[in-house]
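The next block holds one structure in the form of structure tokens; read it before the comments.
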Amino acid sequence: MRSIFITNDDGIDAEGIIRLANTAKEFGDVWVVAPDGQRSAASHSISLREPVDVYPHDFPVEGVHAFSCNGTPADCVRVGTLNIMPHRPDVVLAGINNGYNVASDVQYSATVGAALEGAFQGYRSIAFSEDNAVHHEVTDAYLREIMSELLEQTIAERQILNVNFPSCKLSECHGIIRDCTVSRGMIYRDHYLEQEKLPNGGVRLMVEGEYNEDAEEGTDFFAVMHRYISIGIVKNIG
């Protein structure tokens, strides 16, 4: 039986990881080690100067071995596959993230970071994300089909597959675009707003993003903006 490891960056109780695990259990024995709370934008960071605590966790999908972790998503992959699981996984799945992981956002994404850690450890790794809106119709309709396809797809070492589902009604989805490249653009063009002056000449700043839809054709960003499912490869170091 295939051994499947799952983590995310929205926390072990997030709806997306529950939906992902529920589908993944059709394809093998599922182990979940996920953060005990929100870890978005943690990228590929790991814990070096503090311990990583792992606890068994009640999980609403029957048959899934589940644990919460106080570390980052990349920590979850490391401790989960090296210490918690009794054997190496055949595949690492990350997600389903609440929010797209396309374009320049992939460098900040802890969902993608977890998948990259899986690839770094030598596992086939796939990241799944969807827009943070109310529609899950496209994801729920296509997830099983895409998972079945990608579990068999050959990818090079130190690479991951990155999947993004558009937020729209199923009738409005135009299908799948494969082999998407990573856009050089960004969904939000960030700047910082001054919140208040601080003592000793300090200043408190808060990030604010300006929404953008300018995307290059053939990219992951272009696909989701035009209501396609995007599937592409993201490369790790080396």
Side-chain angles (χ1 to χ4, degrees), residues 7-11 14-17 35 37-46 72-74 94-117 119 125-139 142 158-169 172-198 201-237:
T7 192
N8 73 345
D9 69 2
D10 293 316
E15 179 189 34
I17 197 171
Q38 179 59 249
R39 300 289 192 279
S40 291
S43 189
H44 198 158
S45 62
I46 60 172
T72 68
I96 303 168
N97 187 65
N98 181 26
Y100 289 138
N101 281 312
V102 299
S104 59
D105 285 346
V106 299
Q107 67 187 325
Y108 305 113
S109 167
T111 303
V112 172
L116 290 172
E117 178 61 35
S125 298
I126 310 169
F128 294 92
S129 304
E130 63 184 356
D131 190 20
N132 53 355
V134 296
H135 295 294
H136 302 305
E137 294 179 30
V138 175
T139 307
Y142 280 90
R158 306 294 176 90
Q159 294 184 351
I160 69 165
L161 291 159
N162 188 34
V163 183
N164 283 271
F165 297 94
S167 176
C168 61
K169 295 180 179 179
E172 297 171 342
C173 178
H174 303 305
I176 304 170
I177 299 181
R178 296 171 173 82
D179 302 321
C180 292
T181 58
V182 179
S183 169
R184 295 184 180 182
M186 58 195 73
I187 297 179
Y188 290 94
R189 293 170 174 158
D190 292 340
H191 57 277
Y192 285 82
L193 298 177
E194 182 176 319
Q195 300 292 295
E196 62 178 294
K197 299 291 186 182
L198 299 175
V203 61
R204 176 166 292 157
L205 303 171
M206 185 68 188
V207 68
E208 180 181 74
E210 179 184 349
Y211 185 69
N212 166 59
E213 292 188 357
D214 297 332
E216 317 96 299
E217 191 170 352
T219 65
D220 49 7
F221 188 9
F222 183 91
V224 296
M225 288 297 104
H226 290 81
R227 297 181 175 176
Y228 286 91
I229 299 166
S230 163
I231 302 177
I233 287 175
V234 175
K235 296 182 181 180
N236 206 336
I237 297 171

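Summarising the geometry of Ala223 relative to Cys180, their closest heavy-atom pair is CB-SG, 4.2 Å, with the distance given to 0.1 Å. Residue Ala110 comes nearest to Ala42 through the heavy atom pair CB-N, 3.7 Å, listed as atom of the first residue, atom of the second, then distance. Between Phe128 and Thr111, the closest heavy-atom pair is O-CG2, 4.1 Å. The two residues Cys168 and Glu137 come nearest to each other via the heavy atoms O-CB, 4.3 Å. Closest approach of Met186 to Ser104, counting heavy atoms only: CB-OG, 3.3 Å. Counting all heavy atoms, side chain and backbone alike, Ser125 lies closest to Ala119 at OG-N, 3.2 Å.
Distance CG/Asp9 to OG1/Thr72: 10.0 Å, rounded to 0.5 Å. A distance of 6.0 Å separates OH of Tyr100 from OG of Ser167, quoted to the nearest 0.5 Å. Here CD1 of Ile229 is found 11.0 Å from CD of Glu130. Values are rounded to the nearest 0.5 Å. In this structure, CG in Asn97 is found 10.5 Å from CD1 in Ile17, a value given to the nearest 0.5 Å. Glu208 CD to Asp190 CG: the interatomic distance, rounded to the nearest 0.5 Å, is 9.5 Å. For the atom pair Asn8 CG and Gln38 CD, the distance stands at 8.5 Å (nearest 0.5 Å).
Phe222 pairs by the ring pair (Phe, Tyr, Trp, His ring centres under 6.0 Å) definition with His226, not counting sequence neighbours.
Of the options Ile160, Asp105, Val102, a side-chain contact (heavy atoms from CB on, under 4.5 Å) to Val112 is made by Ile160 and by none of the others.
Salt bridge annotation for Arg204-Glu196: present, with a cationic side-chain nitrogen under 4.0 angstrom from a carboxylate oxygen.
Atom CG of Asp179 has 12 or fewer neighbouring heavy atoms from other residues, nucleotides or ligands inside a 6.0 Å radius.
Remark: side-chain polar atoms of Arg227 are not paired, donor with acceptor, to backbone N or O of Met225 under 3.5 angstrom. The closest donor-acceptor contact from the side chain of Asn162 to the backbone of Val234 lies at 3.5 Å or more, if one exists at all. With hydrogens and angles disregarded, a donor-acceptor distance shorter than 3.5 Å links the side chain of Asp220 to the backbone of Ala103. Side-chain N or O atoms of Ser183 include none that pairs as donor or acceptor with a backbone N or O of Thr219 at under 3.5 Å. Panel note: side chain Asn164, backbone Asn101; a donor-acceptor pair is recorded below 3.5 Å.
Ring pair His174/Tyr228 is tilted by interplanar angle, where 30° to 60° counts as tilted.
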Derivation of the side-chain contact (heavy atoms from CB on, under 4.5 Å) call for Val163 and Ile126:
CA-CA 8 Å; Val163 183; Ile126 310 169; 4.2 Å; yes
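A 4.5 Å side-chain heavy-atom check between Asp10 and Ser40 finds at least one atom pair inside the cut-off.
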